[in-house]
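Encoded as structure tokens, the structure appears first; notes follow it.
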Amino acid sequence: MTHLSGSSLYERIYAVIRQIPAGQVSTYGQIARIVGQGDARTVGYALAAVTEASGVPWQRVINSQGQISLRGAEGYSEQRTLLEAEGIQFDAQGRVDLKRFGWSGPGSEWLEAHGYDPLWFMKK
DNA sequence: CTTCTGACGAAAT
DNA sequence: CATTTCGCCAGAA
């Protein structure tokens, strides 16, 4: 079903992340605001649980400062490599310019089709 | 049932 | 700019 009650919170988070196009990035907080439940941490928790075969473009979610949030050096370089392969550029401080590569969010038709109210975003 | 543990963010200090 | 505070998911032990 298209309504929210059909899937778990994590599944709804993954659904939104799957809408991020290659070459663009979103933030933990932005995903949380779109889903309308949980917070930035919850999105981080959900991403920590994704598997390779899940089809979730996990690399396209970074923190609000434009930086990669993965802890270890291995994870950091993997995510950065994947993003650079999509054309994302990092500055000398390892930050992505969200004004330039930031995702504007799902289209209103997608929101409606998935049980969200497109107008809800106007009041935030 | 309780406790612990992870990819966070905004505001106050 | 560096720290602190608090918000409040899901699975394992």
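Throughout, protein chains are lettered first and strands after them, A, B, ... in sequence-line order, and every chain is numbered starting at 1. These numbers come from a predicted model, not from an experiment.
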Please state the P separation for the pair B:dA7 and C:dC6 - nearest whole angstrom.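 It comes out at 23 Å once rounded to the nearest Å.
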How far, in whole Å, is C:dC8 from B:dG6 if one measures between their C1' atoms?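 It works out to 14 Å between them.
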Does the ring of A:Tyr10 meet both stacking tests against the six-membered base ring of C:dA10: centre distance under 5.5 Å and plane angle under 30°?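 It does not: the ring fails the test against the base of C:dA10.
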Would you say the base of B:dC8 stacks on A:Tyr28 (centre-to-centre below 5.5 Å, plane angle below 30°)?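 Stack criterion not met.
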Could you state the [atom1]-[atom2] distance from [X] to [N], rounded to the nearest angstrom?
{"X": "A:Gln65", "N": "C:dT3", "atom1": "CD", "atom2": "P", "value": "13 Å"}
{"X": "A:Glu11", "N": "C:dG11", "atom1": "CD", "atom2": "P", "value": "10 Å"}
{"X": "A:Arg33", "N": "B:dC8", "atom1": "CZ", "atom2": "C1'", "value": "12 Å"}
{"X": "A:Asn63", "N": "B:dG6", "atom1": "CG", "atom2": "P", "value": "18 Å"}
{"X": "A:Tyr76", "N": "B:dA7", "atom1": "OH", "atom2": "P", "value": "16 Å"}
{"X": "A:Gln37", "N": "C:dA10", "atom1": "CD", "atom2": "P", "value": "9 Å"}
{"X": "A:Tyr45", "N": "B:dG9", "atom1": "OH", "atom2": "C1'", "value": "12 Å"}
{"X": "A:Tyr14", "N": "C:dC9", "atom1": "OH", "atom2": "P", "value": "15 Å"}

Is [X] touching bases, backbone alone, or none of the nucleic acid, heavy atoms closer than 4.0 Å?
{"X": "A:Leu47", "value": "base"}
{"X": "A:Val50", "value": "base"}
{"X": "A:Asp39", "value": "base"}

Within the distance-only criterion (no hydrogens, no angle test), does the side chain of [X] pair as donor or acceptor with the backbone N or O of [Y] below 3.5 angstrom?
{"X": "A:Gln79", "Y": "A:Gln59", "result": "yes"}
{"X": "A:Ser54", "Y": "A:Val50", "result": "no"}
{"X": "A:Gln30", "Y": "A:Trp103", "result": "yes"}

Can we say A:Lys99 and A:Asp97 salt-bridge, meaning some charged N sits less than 4.0 Å from an Asp/Glu carboxylate O?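 The answer is no: the pair does not qualify as a salt bridge.
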Between B:dG9, C:dC9, B:dA7, which one does the side chain of A:Thr42 approach most closely?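 Between B:dG9, C:dC9, B:dA7, the one nearest the side chain of A:Thr42 would be C:dC9.
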Answer yes or no: are there more than 12 heavy-atom neighbours, outside A:Glu109 itself, under 6.0 Å from its atom CD?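 Yes, because the 6.0 Å sphere around CD of A:Glu109 holds more than 12 heavy atoms from other groups.
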Using only side-chain N and O atoms of A:Ser64, determine if any of them is under 4.0 Å from OP1 or OP2 of B:dA10.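 True: A:Ser64 side-chain N/O within range (under 4.0 Å) of B:dA10 OP1/OP2.
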